[in-house]
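Report on one structure; see the data block that follows.
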Amino acid sequence: MEDHNAPDLTEDEKKLFEDLMPEDLDEILDTGVNRRHFLKLMGLAGGGILAWQSAAAEQVFTRSPSGPLPDELSSATIENGVAVSFKVNGTARKLTVDSRMTLLDTLRERLELTGSKKGCDHGQCGACTVIVDGRRVLACLTLAATCEGRSVQTIEGLANGTAGAPDRLHPMQTAFLKHDGFQCGFCTPGQICSAVALLDEAKKGEASYVTESIRSKPGPVQLSNEEIRERMSGNLCRCGAYPNIVAAIQEVHSGKPVEQTWQLIG
């Protein structure tokens, strides 16, 4: 085998690729391990094929792939690529995405904002909720291409968006901590984003299914616990922290401390 003088690879690593990915060997020796090679090797690892080459594979997995970083990818390397320019947490971002790529995958895989969670990936659990132009949306059902020119706020940007206090948590985040509005925490980013947008909706007088009168002059809605539960019904919590979530939202909405009540089963 001709030596292409690839100093980034050890002899064990070269042997690993020669055994498992011979069709890619020349390219790897010439240019190093890029993301495509890395992901292919990950697939082999998932199939349990790397058992006897585990030491060499571990060396490769701990390296940084030599290919382009996520938002450096060009339309030439992406199928059906479209350019999208939008603001994310106040920062202008411009990148090329597959026209079929969701906002959730763009945030997580391209912008490395992993706070928004992929739960059901069918728009049924609310874990991926983010705020787009002040409205809460399900990122798993929203195409990134539709966000051209828009402003996206994720859980990572809530604290930074607190007026006059960029180093402090958003009041909703603080309330969730106080009232223990989470347990495993997986749904929490979506719950908090949804709650923040919910309060803006109430200020604008937007009605819900349980609003008593929709014929009266539109105005700020005073949220009862029933109103909050209805408006948050699209965000599911498998741990069942719903009473605590309602208490947290009610405290931020009313601006008054909400007493923590515990219902014990005798």
Side-chain angles (χ1 to χ4, degrees), residues 42 46 88-89 101-132 134-144 147 152-161 169-202 206 208-211 221 223-254 257-266:
M42 285 287 289
V88 181
N89 297 327
M101 194 173 196
T102 65
L103 176 59
L104 177 60
D105 286 339
T106 301
L107 293 171
R108 291 181 57 83
E109 307 298 335
R110 299 294 304 281
L111 300 180
E112 298 183 353
L113 294 172
T114 56
S116 304
K117 303 305 182 187
K118 180 176 285 192
C120 65
D121 206 24
H122 286 76
Q124 297 177 346
C125 72
C128 66
T129 303
V130 297
I131 303 171
V132 178
R135 309 287 299 186
R136 47 181 166 164
V137 304
L138 296 170
C140 75
L141 297 184
T142 304
L143 291 177
C147 295
V152 179
Q153 190 173 38
T154 70
I155 190 68
E156 291 91 345
L158 283 183
N160 292 333
L169 292 177
H170 188 281
M172 190 64 72
Q173 293 172 308
T174 302
F176 265 66
L177 288 171
K178 174 184 175 180
H179 289 278
D180 195 20
F182 54 88
Q183 290 184 34
C184 79
F186 191 85
C187 72
T188 306
Q191 297 275 5
I192 292 177
C193 285
S194 188
V196 170
L198 177 157
L199 296 186
D200 286 337
E201 294 167 7
E206 297 181 13
S208 78
Y209 182 76
V210 299
T211 302
V221 177
L223 296 176
S224 62
N225 287 350
E226 184 182 17
E227 277 273 13
I228 293 174
R229 285 193 292 268
E230 168 61 25
R231 292 170 186 260
M232 289 292 292
S233 60
N235 292 83
L236 305 184
C237 173
R238 293 180 64 183
C239 301
Y242 297 115
N244 305 18
I245 292 171
V246 172
I249 297 172
Q250 187 62 260
E251 182 162 307
V252 178
H253 171 63
S254 65
V258 173
E259 182 181 357
Q260 293 175 299
T261 58
W262 308 95
Q263 298 179 351
L264 302 179
I265 300 177

Can you name the nearest heavy-atom pair linking Ser194 to Met232, along with the distance?
OG-SD, 3.7 Å
To the nearest 0.5 Å, atom CD of Glu156 lies from atom CG of Asn89 at 6.5 Å
Answer whether the closest heavy-atom distance between the side chains of Arg238 and Cys184 falls below 4.5 Å.
no
What's the separation between atom CD1 in Ile245 and atom CZ in Arg229, rounded to the nearest 0.5 Å?
12.0 Å
Identify every side-chain donor-acceptor pair in residues 115-128 under 3.5 Å, counting partners at least two apart or on other chains, and give the distances.
from, atom 1, to, atom 2, distance (Å)
Lys117, NZ, Thr114, O, 2.9
Lys118, NZ, Asp105, OD1, 2.7
His122, ND1, Cys120, O, 2.8

Should His170 and Ile192 be marked as a side chain to side chain contact (heavy atoms under 4.5 Å, CB included) after you check the CA-CA gap, both sets of side-chain angles, and the distance that decides it?
CA-CA 10 Å; His170 188 281; Ile192 292 177; 5.8 Å; no
Flag side-chain contact, heavy atom, 4.5 Å: Cys187 against Phe182
no
Got a second to check how far Tyr242's OH is from Asn235's CG, nearest 0.5 Å?
8.5 Å
Under a 3.5 Å threshold, yes or no: a donor from one side chain and an acceptor from the other, between Thr129 and Arg136?
no
Interatomic distance, Leu113 atom CG to Leu104 atom CG [nearest 0.5 angstrom]:
11.0 Å
List for me each residue that meets side-chain contact (heavy atoms from CB on, under 4.5 Å) alongside Ser224, sequence neighbours excluded, and say none if there are none.
Glu226, Glu227
Rounding to 0.5 Å, atoms CD1 (Ile249) and CG (Leu199) come to a distance of 7.0 Å
What heavy-atom pair brings Leu138 and Thr142 nearest, and what distance separates the two atoms?
O-OG1, 2.8 Å
For Asn244 and Asp180, which heavy atoms make the closest approach, and how far apart are they?
ND2-O, 2.9 Å
Minimum-distance pair of heavy atoms, taken over all atoms of His179 and Ala247
ND1-CB, 3.7 Å
Test item: Val130 and Val137 side chains (from C-beta on) under 4.5 Å apart, heavy atoms
yes
Shortest non-hydrogen separation from Gly240 to Pro243 and the atoms involved
O-CD, 3.9 Å
Using a 4.5 Å cut-off on heavy atoms from C-beta on, say whether the side chain of Met172 contacts that of Leu158.
no
Test side chain to side chain contact (heavy atoms under 4.5 Å, CB included) on Thr188 and Gln173; report intermediate values, then the result.
CA-CA 9 Å; Thr188 306; Gln173 293 172 308; over 6 Å; no
Can you tell me how far apart CZ (Arg110) and CE (Met101) are? Round to the nearest 0.5 Å.
6.0 Å
Any residue meeting salt bridge (Lys or Arg N to Asp or Glu O under 4.0 Å) with Glu206, in chain and number order, not counting sequence neighbours
Arg135
List the atom of Ile131, the atom of Cys193, and the distance in Å for their closest heavy-atom pair.
CD1-O, 3.6 Å
